[in-house]
Amino acid sequence: MSNAIATWSGDYYQVFAIILFGIGFISLLLHKNLIKKIIGLNIMDSSVYLFLTSFGYIDGRVAPIVADPTAPVQMETYINPLPTGLVLTGIVVGVSVTAFSLALTQRLYKKYHTLNLDEILILAKREEV
Amino acid sequence: MRPFYENLPFLCIFLAMLAGITTSILHSGKWALRISLTALTVIGAASAWLLYATASQNTYFVYAMGKFPSPWGNELRAGPLEAGLALVFCIVMACSLLGGLKDIFEDILPGKQDLYFVMMDMLLASLLSMLYTNDIFTGYVFIEINTIAACAIVMAKDNNQTLVATMRYLVMSLLGSGLFLISLALLYAITGHLLMPQLGESIHALFVSGLYTEPLTVLVGLMVLGLSIKSALFPFHSWLPDAHGSSTTASSAILSGLVLKGYIVLLIKIFYRVFSISEVRSLKITNVLFVLGALAMIMGSVKALQEGHSKRMVAYSSVAQIGYIYLGVGLGIEAGVVAAVFQIIAHAFTKPLLFVSVGALSSTAGHEKKWYYLRGAGRRCKLAGIGFTLGGLSMVGIPLLAGFVTKLYLAQGATLAAWQTAAALAALAVSSVLNAMYYIPAIVQIWSSGSTCQEMGIEPRVRRADPALVVSVLVLGVGVILLGVCYRPVVGVISAGLALL
């Protein structure tokens with residue numbers, strides 16, 4: 001029993017990350033409101049960052065910053081820095097995509113005065129005819 | 001001392017980005033165009049050199065980015081396949097820009113024309129990076145850059161229709177890249193690597209030991225799903241006709257001809273380098289791709305048949321043609337993938353030819369895009385008429401044209417497949433007939449005498465072909481014919497390149 005709990009506590013970041021990914025994915029796919037879609041996108045991205053950092057982190061260790069260059073490097077005191085680097089890159093990508101989506105949403109709002117994608121599609125169809 | 005040509009992949013990507021950055025501070029559409037075309041020429045020449053160097057020695061090389069060695073650092077990799085595709089991408093992009101030149105300067109606001117070419121340079125940089133990268137996370141980053149640039153060139157026309165189309169394209173694209181990102185995170189969690197060769201070793205070890213089969217299936221499924229949403233495989237194609245049908249001519253040509261292919265090439269590279277084609281087959285992913293590809297070939301054509309709008313019809317035909325590529329990959333054997341890569345090249349030449357021709361044809365009828373009003377348009381702009389006829393016949397699969405060779409190799413590959421033979425041949429036959437059913441009437445319509453656009457109050461006008469259009473249609477048309485006649489060297493390079501992957 002205690003073993004099961006130990007495994008659970010090690011994994012629960014990842015379980016939450018996957019649940020969050022599902023929430024974000026469904027919001028991006030199904031929400032009618034464009035702003036909520038973009039929030040969904042951000043939840044989806046953040047969940048992957050959580051997922052990546054969770055297995056880069058090792059309990060009881062610190063960030064690999066060498067304060068004293070003369071001291072011997074002790075590998076076993078550091079966490080894995082690579083996932084953190086990936087997350088940083090991911091955040092940059094996420095911010096630019098969000099900015100682009102928001103700009104596009106703003107333009108659509110100026111033209112159609114609504115944020116509801118279904119209404120926008122109906123209005124656009126009417127224009128075509 | 002290693003040979004100089006090993007620097008070329010990095011220099012090509014860097015030059016494309018540099019061109020984009022320089023263009024963004026110039027504020028001049030004309031200069032932006034010149035810089036883009038120069039960059040495309042130089043990169044095309046460099047890719048040709050790289051193709052010659054790697055294909056003649058039948059070798060590939062790995063180029064380390066930065067100081068860190070293999071398991072940690074970032075790498076580029078180039079062989080005959082990558083160099084050849086880079087060359088094709090450069091030629092097609094330059095021709096699409098030239099062919100749609102008039103429309104670019106008419107459709108886009110004068111103050112924003114330079115930004116269009118910035119996006120074009122970014123698109124080229126991201127396509128090249130997706131071709132050359134050896135690091136799967138770098139692949140993800142450039143997928144996102146590609147998405148933004150592709151959406152930006154759709155919305156460049158800036159009318160209500162393209163804005164709505166861009167929104168739909170953006171949402172679907174972001175879903176696709178999100179799925180790719182989570183599958184990549186899972187892959188990293190299982191193996192602890194991001195470089196393709198190291199990933200490959202870990203995955204092979206896992207396959208031998210039989211561990212982690214379910215997570216591997218799930219993550220390959222997510223990855224394939226993500227990339228097939230982005231490359232508009234049926235049933236995820238709903239965004240494509242709007243995005244490709246409403247944007248300006250050059251954007252449509254490049255989106256259909258190149259952007260969709262970038263993702264598929266990345267998928268093929270992952271299938272070969274991270275997994276192997278037999279491992280992918282054992283996960284049953286190829287079967288799914290085969291069925292969806294066959295459905296796409298038929299449903300794309302059926303949809304195109306119902307379409308009265310010329311550009312949307314050509315866009316739906318892309319859905320069918322993407323189906324051919326996935327059908328080839330879905331055969332799950334070497335011969336099928338060779339046919340798929342050949343189709344990538346053939347379609348990269350044919351579809352921009354069709355879009356450029358349709359753009360020029362519709363300009364003779366007051367930019368009206370419905371087939372009904374395009375009656376006689378081929379007589380008023382003969383060059384575009386010939387271009388459309390050539391492209392249409394290639395799609396139908398007339399011998400001596402590129403489309404025929406694809407079908408030939410797909411059919412040959414299908415005879416070697418495990419269970420797919422009959423289904424693949426049937427899908428090929430049905431789809432060829434359907435292609436003929438909408439391309440032949442369209443060709444007849446544009447060459448018929450008389451004109452119908454007066455009914456709209458538009459005076460039909462003769463368009464004399466400008467030099468840019470001539471170069472574009474000529475190069476793309478000659479490409480289609482050459483691929484149909486001297487296809488053996490091309491197939492040779494593709495097979496050699498795939499064998500080296």
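In what follows, chains carry the letters A, B, and so on, assigned in the order in which the sequence lines appear, proteins first and then strands, with residues in each chain numbered from 1.
In terms of heavy-atom proximity, A/F55 sits nearest to B/A185 at CZ-O, 3.8 Å.
When heavy atoms are compared at a cutoff of 4.5 Å, B/M167 approaches chain A by way of both its backbone and its side chain. Interface residue A/I18: only side-chain heavy atoms are found under 4.5 Å from chain B. For chain B, no part of A/S47 is nearby; none of its heavy atoms comes within less than 4.5 Å. The contact between A/F25 and chain B is made by backbone and side chain atoms together, counting heavy-atom distances below 4.5 Å. With a threshold of 4.5 angstrom between heavy atoms, B/L194 approaches chain A through side-chain atoms but not through N, CA, C or O. In this structure, the portion of A/V93 lying under 4.5 Å from any heavy atom of chain B is its side chain and not its backbone. Residue contact with chain B, scored on non-hydrogen atoms closer than 4.5 Å, involves the backbone and the side chain of A/L86 alike.
To the nearest 0.5 angstrom, A/L52 atom CG is 8.0 Å from B/Y188 atom OH. Note that CG of B/L174 and NZ of A/K37 are 10.5 Å apart. Values are rounded to the nearest 0.5 Å. The distance from atom CZ of A/F51 to atom CG of B/L184, rounded to the nearest 0.5 Å, is 11.0 Å. Note that the CG atom of A/L41 and the OG atom of B/S177 stand 8.0 Å from one another [nearest 0.5 Å]. Atom-to-atom distance recorded for A/K111:NZ and B/D158:CG is 5.0 Å, nearest 0.5 angstrom.
Ranked by non-hydrogen atom pairs under 4.5 Å with chain B, the options A/V97, A/I120, A/L123 are led by A/V97. When B/T166, B/D242, B/I182 are compared by the number of non-hydrogen pairs under 4.5 Å with chain A, B/I182 comes out ahead.
Counting only heavy atoms from C-beta outward, the side chains of B/L170 and A/F100 approach each other to under 4.5 Å.
The number of heavy atoms from other shown groups lying within 6.0 Å of OH (B/Y212) does not exceed 12. The 12-atom threshold is exceeded at NZ of B/K157, counting heavy atoms of other residues, nucleotides or ligands nearer than 6.0 Å.
Inspection of non-hydrogen atoms places A/L28, A/L29, A/L34 of residues 28-35 of chain A under 4.5 Å from chain B. Proximity to chain A at a heavy-atom threshold of 4.5 Å picks out B/Y140, B/V141, B/E144, B/I148, B/C151 from residues 139-151 of chain B, in numerical order.
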A/T89 vs B/F137, test: side chain to side chain contact (heavy atoms under 4.5 Å, CB included). Steps then yes/no.
CA-CA 9 Å; A/T89 319; B/F137 195 80; 3.7 Å; yes
